[in-house]
Amino acid sequence: MISRRGFLGLLGGTGLVVAGCGAGGGLTAEVSGEVLTSALPLPRPFTVPLPVPATARPVRPGRYEVVQRAAKVEIVPGTATEVWGYDGTFPGPTFDLRRGNRTVVRVRNELPVPTSTHLHGGVNPPDSDGYPTDLVVARGRGFRPPPGAHSHSGAGDMSQWTIHPGAKDYVYPLDQPAATLWYHDHRMDFTAPQVWRGLAGFLLVRDDEDDALPLPKGERDIPLMICDRAFEEDGSFRYPSLDPSLLVKPGVREAYMEGVEGDVILVNGAPWPVLEVDAARYRLRLLNASNARRYRLALTPGGRFVQVGGDQGLLAAPVGHDAITVAPGERFDVVVDFSAHPVGTEVTLVNTLGTGPARNVMRFRVARRVRDDSAVPDRLGRVDPLDRSAAVATRVFDFRRTGQGGGGSWTINGRPYRPGVPLARPRLGTVELWRFTGDFHHPVHVHLARFQVLSRNGRPPAPTDAGWKDTVDVRPYEVVDTLVRFEGYRGRYMMHCHTLEHEDMAMMADFDVV
Ligand code: C2O
Ligand code: CU
């Protein structure tokens, strides 16, 4: 049980990339990965218009079909990038759905690799949750479990795997409040490279309560998927691959074990895009879909974010922020009022944790004065605050790296992930206190259950911790207490670190809701 799996090989087969990875170089207390440098000249920022992903169309009411396939798209102007995307797009189509409308999404896989689709933030039956060994394999392709030395799943043992040939129907009851959810690949051992290649998109749950608020709507309600990538000279994605058969240079595995960051920031799949806006309020649904990069988002020359929602929907009341730190997997639903700026102003969304070009995210150009009927009311959603006394059990989950050299692994409570071996058995309908801590940046994500942050290092939570969450930014050696409510379904679910390279290197655990 030493080497979990060879971490590094090649994705595009075009040469191993070691640029920019002087071991540990440049890591600061706030930086959570190692930057991979692009081989092509970086695109000029703020020239590409912000794309908004297409809305998925049902094949009939309540039924959708989406195909995972490869496609060539233009991300960096003048070059073609092969993406692996839902319907061949990156981001995939946005599912715009209503609370209570049970929806079936058939995912057909036409990729050369197995996939598993997880709806992040969804309250779904266990067999529709996108468990990492519950795979869809393209028609005509076989599946063999990876050899023991390269997997956390048990050598050659098929008992932990479920294989759906061709396609799988995921059932989403949507019995949950309006929220910005997202879906992405969750394949055992390979989530990081497969999401990097494009397997991610939005799913918005809407409901009457949210609709009734005078928040900005329609064209002024925009989901923003923020992530970083690096590119080869020919425009293809650059990534140190996880293919164990291509294992090379042990020092390189070490360098990227902390997580892979790119030097190009994409919003909705476009590099440093620009959006012309009215001098009005906008509702921006911010998602950090990066493998490892954290962002501290701010507006320059100025402006505030008025947060109206978190991971799991509306806050009880708006919270104003000058800056918002977003860890991988987290969502912040904010209102920005561009009427505060004269027409012609360029407002840049920046990442103050980034350096060089990665400091920029995107730009808004205030184009015209308009009439704006929107408002941010003082009261938003219903969030009943949980009290510590509600917890029927307390559990500690320690996220830590064990072992040194090429054989190190990311673990929870000292254990590398084993599918089917639960670390906890919470009871349906109860609340538990889950304490998260660890040795590095570990954004902790719990499937199925939502939680409220109770404290950080024994002190009150951060202003950005408000509301119901499903992912929490746990910083090095920080102790984060959460109250987790187990609702929805019994069965096998999981929690894990959402730095995807950590997740792939075994930083996951099952829990059974009983
Ligand atoms: Cu967004 Cu289990 O993941
Ligand atoms: Cu981690």
Side-chain angles (χ1 to χ4, degrees), residues 4 7 27 30-34 91-92 115-124 126 128-134 170 179-192 194-196 199-203 225-227 256-261 287-294 311-312 326-331 397-402 408-417 419 436-451 469-478 480 492-511:
R4 299 316 313 161
F7 177 42
L27 280 188
E30 292 292 347
V31 173
S32 46
E34 205 49 60
T115 61
S116 173
T117 299
H118 170 58
L119 177 59
H120 182 128
V123 179
N124 296 322
S128 285
D129 193 47
Y131 193 71
T133 58
D134 186 359
Y170 291 89
T180 303
L181 310 185
W182 65 300
Y183 59 93
H184 60 78
D185 185 60
H186 216 298
R187 177 191 171 196
M188 181 76 155
D189 301 342
F190 293 91
T191 296
Q194 296 192 179
V195 170
W196 188 271
L199 289 169
F202 282 103
L203 187 151
M225 177 189 286
I226 303 170
C227 62
Y256 288 104
M257 196 163 167
E258 283 152 354
V260 178
E261 300 188 352
L287 157 67
N288 180 358
S290 306
N291 282 31
R293 185 184 283 275
R294 295 162 75 250
D311 296 338
Q312 285 284 322
V326 195
E330 282 188 301
R331 285 90 69 213
F397 298 99
D398 179 41
F399 290 68
R400 200 168 290 273
R401 183 173 177 171
T402 58
S409 154
W410 293 108
T411 63
I412 301 175
N413 291 352
R415 300 205 222 177
Y417 182 55
F436 303 123
T437 186
D439 59 348
F440 194 58
H441 289 281
H442 297 299
V444 175
H445 171 45
V446 181
H447 286 207
L448 179 79
R450 61 191 65 198
F451 56 78
K469 291 181 63 62
D470 56 49
T471 307
V472 63
D473 186 25
V474 180
R475 292 171 295 189
Y477 301 100
E478 195 174 28
V480 179
R492 181 171 67 174
Y493 292 92
M494 63 186 337
M495 54 170 304
H496 57 88
C497 176
H498 218 287
T499 295
L500 301 184
E501 286 79 17
H502 300 189
E503 169 177 343
D504 281 342
M505 279 185 269
M507 196 168 250
M508 302 199 285
D510 283 357
F511 62 89

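Both counts, for ligands and for their atoms, begin at 1 and track the order of listing. Remember, it's a predicted structure, so these values are computed and weren't measured experimentally.
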request  = May I ask you to check whether His498 brings an N, O or S atom to under 2.8 Å from the Cu ion (ligand 2)?
outcome  = no
key: Backbone of Ala192 reached by a side-chain donor or acceptor of Asp504 within 3.5 Å   = yes
inquiry  = Just by distance, no angles: are the side chains of Thr191 and His118 close enough, under 3.5 Å, to form a donor-acceptor pair?
reply    = no
query = Closest to the Cu ion (ligand 2), which N/O/S atom of His442 is it?
reply = ND1
ask   = With a cut-off of 2.8 Å, does His120 place any N/O/S atom under that distance from atom 2 (Cu) of ligand 1?
value = no
ask   = Below 2.8 Å, any N, O or S contact between His498 and atom 2 (Cu) of ligand 1?
value = no
ask   = Just wondering, is there an N, O or S atom on Cys497 that's nearer than 2.8 Å to the Cu ion (ligand 2)?
value = yes
query = In degrees, rounded to 10 degrees, what angle do His186 atom NE2 and His496 atom NE2 make at atom 2 (Cu) of ligand 1?
reply = 100°
request  = Examine His118 and say whether one of its N/O/S atoms is closer to atom 2 (Cu) of ligand 1 than 2.8 Å.
outcome  = no
query = What do you reckon, are the aromatic ring centroids of His502 and His496 less than 6.0 Å apart?
reply = no
query = Can you find a side-chain donor-acceptor pair between Glu330 and Asn288 that sits under 3.5 Å?
reply = no
key: For the Cu ion (ligand 2): the N/O/S atom of His502 at shortest distance   = ND1
query = Between Phe440 and Trp410, does a side chain to side chain contact (heavy atoms under 4.5 Å, CB included) hold up when you go through it step by step?
reply = CA-CA 10 Å; Phe440 194 58; Trp410 293 108; 4.1 Å; yes
inquiry  = Run Leu181 and Arg331 through side chain to side chain contact (heavy atoms under 4.5 Å, CB included) and show every step you take.
reply    = CA-CA 8 Å; Leu181 310 185; Arg331 285 90 69 213; 3.8 Å; yes
